[in-house]
Amino acid sequence: MYPRSFEYVAPSSLDEALAALNDHPGAKVMTGGMSLIPLMKLRLFSPPLVVDIGRVPGLDSIADGNGHIAIGALVRHAATASSDAVASGAAALAQAARLTGDVQVRNRGTTCGALAHADVAADQPAAALALGATMVARSAGGEREIAADDFFVDALTSALEPNEILVEVRVPKAGAGTGSAYDKLGRRGGRSDYAVAGAAAMVTMDGGSVSAARVALTGVGTKPTLATATADALVGTDGSADAIKAAAQHAAEGVTVLEDLYGSVEYKTHLAQVYAARALEAAIAAAG
Amino acid sequence: MQVSMTVNGSEVSGDVEPRTLLVHFIRENLRLTGTHVGCETSYCGACTIHVDGTPVKSCTMLAVQANGANITTVEGLADGDNLHPVQEGFWERHGLQCGFCTPGMIMSASALLAENDNPSEDEIRHGIEGNLCRCTGYHNIVRSIEYAAAKMRGEEPAPPDWTQDFEGATA
Ligand SMILES: Cc1cc2nc3c(=O)[nH]c(=O)nc-3n(C[C@H](O)[C@H](O)[C@H](O)COP(=O)(O)OP(=O)(O)OC[C@H]3O[C@@H](n4cnc5c(N)ncnc54)[C@H](O)[C@@H]3O)c2cc1C
Ligand code: FES
Ligand code: FES
């Protein structure tokens, strides 16, 4: 099984890569290739040109900055999963990266690639959404920032233009009293493979009560979605097990839940509630 | 396109189409057929090789992406006639039946043990999560990797207790 013929370039600078994308409508960026190559082998995607940015220098670092952690376009899932900076500042993203695919997939696939790919059942998009991350997109025309809330548009569709490269994702660092977590039910049982459903949560505790919360679901609809009713119901409570349980009942409220091969609407709604509760519980425990 | 890389310590090169998958370059151009093609859909791990020291699925990489890389396939693990401890473990602990998954299992296991030569059973099972076996039920694969880990730590592997392992299955 191999893809249709295509042209291939592996530019050694970002400007060259951006120029290639600009000059060739229909061209596709490749980073890890862990989603693009399977889709090309199945011939669901047949781009005339693949722009492999894997050799562009300067995109493979995790920068622990002031207020946020910046993860470059070529940082692989394995690096995000094992980074101390990500684990302490943005735990939900580290956990989501750890639960992405298998060892070999995590050694090639990239965090930014998973965000740009915007699969309906991917892990790191939900974490990025709950954490309120910012995507930094570059084109030949310049750079712009896209909030996670506006980034995930539809199934396999992000807000990136075809000539843009996601050069990094910036994740706000958790301050004192803030914790985050991610958990899912995987398609092969346990936590392996894409999510049947999963949830990421970020919670800030202040003087024994929840002062802020964000919860994002994956796997239940066409894109990662904020469970705002749950977050709203939790704020102002003491964050106890009872409060979490009550708030999590609202997880699917206002969310378009869709049936797929892995579950009915009823089952996915139930899982949304269960995983919202689990993610909230772990996030509150981490908030300390 | 012209590609060159180091495979099992030798410099190799070839002329490939951009769509040539690394596994096909290895099997068809280099005639190293130890690396298997199982599912072709990135799931089974039979095609696992080491690229610059890390295990990856060679059916999900283009040969052109590996230009300049340092690659080890299952043929490159043994030191002459001396099997790699993981290879020896699969022999000693019956880690295979049909053997189709074995090259990939061995490449994942050897990468795992290179990082941690004293993994728990849980760590071993997670370390081979990207490799599917249709025959063994994984049990003897885990035992094989435990054997190799002991060898790599310089210890004598505990003798196998087949009765204990299969207790309950025969009742
Ligand atoms: C066996 C297997 C299991 C998997 N399991 C999971 C799982 O459990 N959870 C999960 O979330 N994912 C899973 N994945 C997908 C994996 O996470 C991919 O790595 C990820 O979706 C894409 O990242 P990549 O770097 O490989 O991107 P590529 O495959 O290189 O690209 C994917 C798409 O995103 C675009 N793109 C990539 N990077 C950029 C960029 N920087 N800027 C603009 N566009 C870009 C490409 O043009 C392409 O359309 C699995 C994949 C496999 C093969
Ligand atoms: S053949 Fe590569 S993963 Fe199955
Ligand atoms: S021994 Fe047959 S697939 Fe593993």
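Residue numbers begin at 1 in each chain, while the letters A, B, ... track the order of the sequences.
Proximity to chain B (any heavy atom under 4.5 Å) is restricted, for A/Arg4, to the backbone atoms N, CA, C and O. Residue contact with chain B, scored on non-hydrogen atoms closer than 4.5 Å, is absent for A/Val50. Of the two parts of A/Met30, only the side chain, counted from C-beta on, holds a non-hydrogen atom closer than 4.5 Å to a non-hydrogen atom of chain B. Only the side chain of B/Thr48 comes within contact range of chain A, with heavy atoms under 4.5 Å apart. For B/Met61, the parts lying under 4.5 angstrom from a heavy atom of chain A are both the backbone and the side chain. In this structure, the portion of B/Ser108 lying under 4.5 Å from any heavy atom of chain A is its side chain and not its backbone.
Of all non-hydrogen atoms in B/Glu17 and A/Ser5, the two that sit nearest each other are OE1-OG, 3.5 Å. Here the shortest heavy-atom pairing between A/Asn107 and B/Thr54 reads ND2-CB, 3.8 Å. Across all non-hydrogen atoms, the minimal contact from A/Gly33 to B/Thr60 is O-CG2, 3.9 Å. When every heavy atom of B/Pro18 is checked against every heavy atom of A/Tyr8, the shortest pair comes out as CB-CB, 3.6 Å. In plain terms, the two heavy atoms of A/Val103 and B/Pro55 that are nearest each other are CG1-CG, 4.2 Å. Considering every non-hydrogen atom in both B/Asn131 and A/Gln104, the closest pair reads OD1-NE2, 3.0 Å.
Rounding to the nearest 0.5 angstrom, the gap separating the NE2 atom in B/His126 from the OG atom in A/Ser192 is 6.5 Å.
When only modelled atom types and interatomic distance are considered, A/Asp193 and B/Tyr43 share a side-chain donor-acceptor pair under 3.5 Å.
Here B/Gln65 is the residue among B/His24, B/Met1, B/Gln65 with the most heavy-atom pairs under 4.5 Å with chain A. By number of non-hydrogen pairs under 4.5 angstrom with chain A, the leading residue of B/Leu112, B/Asn67, B/Ile128 is B/Asn67.
Considering only heavy atoms from C-beta on, B/Lys57 comes within 4.5 Å of A/Asp102 through its side chain. Put simply, the side chain of A/Met1 does not reach to within 4.5 Å of the side chain of B/Cys59, judged on heavy atoms.
With sequence neighbours excluded, the residues that form a salt bridge (Lys or Arg N to Asp or Glu O under 4.0 Å) with A/Arg106 are B/Glu129.
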